[in-house]
Protein chains: 2
Amino acid sequence: MRNGTARLTTGRLARLADVGVETIRFYERHGLLPEPPRTPAGYREYPPETVRRLRFIRRAKELGFTLREIRELLELRMTPGTTCAEIRGRAQEKVDDIERRIRSLERMRGTLVQLVRSCRGRGPISECPVLDALEEDEP
Amino acid sequence: MRNGTARLTTGRLARLADVGVETIRFYERHGLLPEPPRTPAGYREYPPETVRRLRFIRRAKELGFTLREIRELLELRMTPGTTCAEIRGRAQEKVDDIERRIRSLERMRGTLVQLVRSCRGRGPISECPVLDALEEDEP
DNA sequence: CTTGACTCCGTAGCATGGTACGGACCGTAG
DNA sequence: CTACGGTCCGTACCATGCTACGGAGTCAAG
């Protein structure tokens, strides 16, 4: 086919992924985005998949992963010497991590839901049971 | 009873909650811990419940809540003019927020689990399917 | 060929969430 | 009373994750 993969400039990529242009350069410097090919004039030319990659980064960030952790997730591919078993192991670690987070959030939700439920929504604060439950810790 | 509530110094509190002494002062300045009463010499005297509060803060942080959000959670109590209904509403918002996070983590886990499963653990990286799945986004 | 938008790069600044430091004071054991 | 640790405070510093700035080169429309 004539066009193959239509490449993106930094600005177009930024708009598509809804991040700032500077953020893209920042991610490149910090290994979250691979260095893309350049035009003769030095302009970056991104393959369109980069949009998905940026969206993945954003989602992971919202979930409390650090950029370092996200980079680790992304590096599961493209590390040349890595065996498939290593990748599998690292992915499993991340799964365990994610499951711990989920359980912790579920405990938190349980506390808050109980709280919302026990609160009639009327009366002064002194009778609202929202209080001490909030400080509860691991059982 | 003779002792009632045994009060804690900053250092003891820090050890019990497994945070630094400076962190406690930092949280006080930023409204996450209420200003405790002082001895005549100016030493802080914390009620023992503060340990739970600090542990709650740590847990919430690990889950990706910012200090601002945690403060909001904690302020659901002790805001004098607040009605019970308001508190209830704010708590419900936090529940919704937590549920969004859980769903997002579950999607992430799904992707990774699929990945781990489809990977036999043998062979070179070029045959490991860990790759593109990682970049997947909301469906 | 000019104009305006876009890109490049390096560097600086900002917000968040602490962490460390230094000099002074307190308090208790010997 | 002295020593030694704990505490006080203010300020400075740190890492993370951007965000903005300035000056120069690029490129496409008119």
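Predicted model, so just to flag it, every value in this text is computed and none were measured. Naming: A, B, ... by sequence-line order, numbering from 1 per chain.
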Distance check needed: C/dT16 P versus B/Ile57 CD1, whole Å only. 17 Å
OP1 or OP2 of D/dT7 under 4.0 Å from side-chain N/O of B/Thr9: yes
Whole angstrom value for the distance that separates C1' of C/dA15 from CZ of A/Phe26: 13 Å
Atom of B/Ile24, atom of B/Thr10 and distance for their closest heavy-atom approach: CD1-O, 3.7 Å
Please say whether the positively charged group of B/Arg71, taken as NZ for Lys or CZ for Arg, lies over the ring of B/Phe65, i.e. under 6.0 angstrom from the six-membered ring centre and within 45 degrees of the axis. no
So, does B/Lys61 get its side chain near the phosphate of C/dT16, meaning an N or O under 4.0 Å from OP1 or OP2? no
Between B/Ala6 and B/Pro48 the two heavy atoms that sit nearest each other are O-CG, 3.4 Å
When the distance from CG of B/Leu33 to C1' of C/dG18 is rounded to whole Å, what number comes out? 14 Å
What is the distance, to the nearest angstrom, from the CZ atom on B/Arg38 to the P atom on D/dG6? 19 Å
Give, for atom CZ of A/Arg7 and atom OG1 of A/Thr50, the distance between the pair rounded to the nearest 0.5 Å. 8.0 Å
Below 4.0 Å: OP1/OP2 of C/dG17 and any side-chain N or O of B/Tyr27: no
Are OP1 or OP2 of C/dC8 and a side-chain N or O of A/Arg29 less than 4.0 angstrom apart? no
Any N/O donor-acceptor pair, A/Tyr43 side-chain to D/dG25 base, under 3.5 Å: yes
To the nearest angstrom, the CZ-P distance between B/Arg15 and D/dG5 comes to 13 Å
Interatomic distance, A/Arg12 CZ vs D/dA28 P [rounded to whole Å]: 14 Å
Between A/Leu67 and A/Thr39, the residue closer to the 5' end of DNA chain D by nearest nucleotide is A/Leu67
Among D/dC8, D/dC18, C/dG17, the one nearest any side-chain atom of A/Thr23 is D/dC18
Looking across every strand, which nucleic acid part, if any, lies under 4.0 Å from B/Arg68 by heavy atom: base, sugar-phosphate, or nothing? sugar-phosphate
Nearest whole Å is fine: how far is D/dT7 C1' from B/Leu8 CG? 15 Å
From the candidates D/dC18, D/dC21, D/dC27, the one with an atom nearest any side-chain atom of A/Ala41 is D/dC27
Need one value for B/Thr66: base, sugar-phosphate or nothing, where a base atom within 4.0 Å counts as base even if backbone is also close, heavy atoms only. sugar-phosphate
About how many Å separate CD of B/Glu99 and CZ of A/Arg109, when rounded to the nearest 0.5 Å? 5.0 Å
Distance, rounded to the nearest Å, where A/Ile24 contributes CD1 and D/dT19 contributes P: 12 Å
Looking at every strand, decide which applies to A/Gly20 at a 4.0 Å heavy-atom threshold: base, sugar-phosphate, or nothing. nothing
Under 4.0 Å: is that the gap between some side-chain N or O of A/Thr10 and OP1 or OP2 of C/dC8? yes
Locate the shortest heavy-atom distance separating B/Tyr46 from B/Arg44; write the atom from each residue and the value. OH-CD, 3.1 Å
Quiz item: B/Arg25 side-chain donor-acceptor pair to D/dG10 base, under 3.5 Å: yes
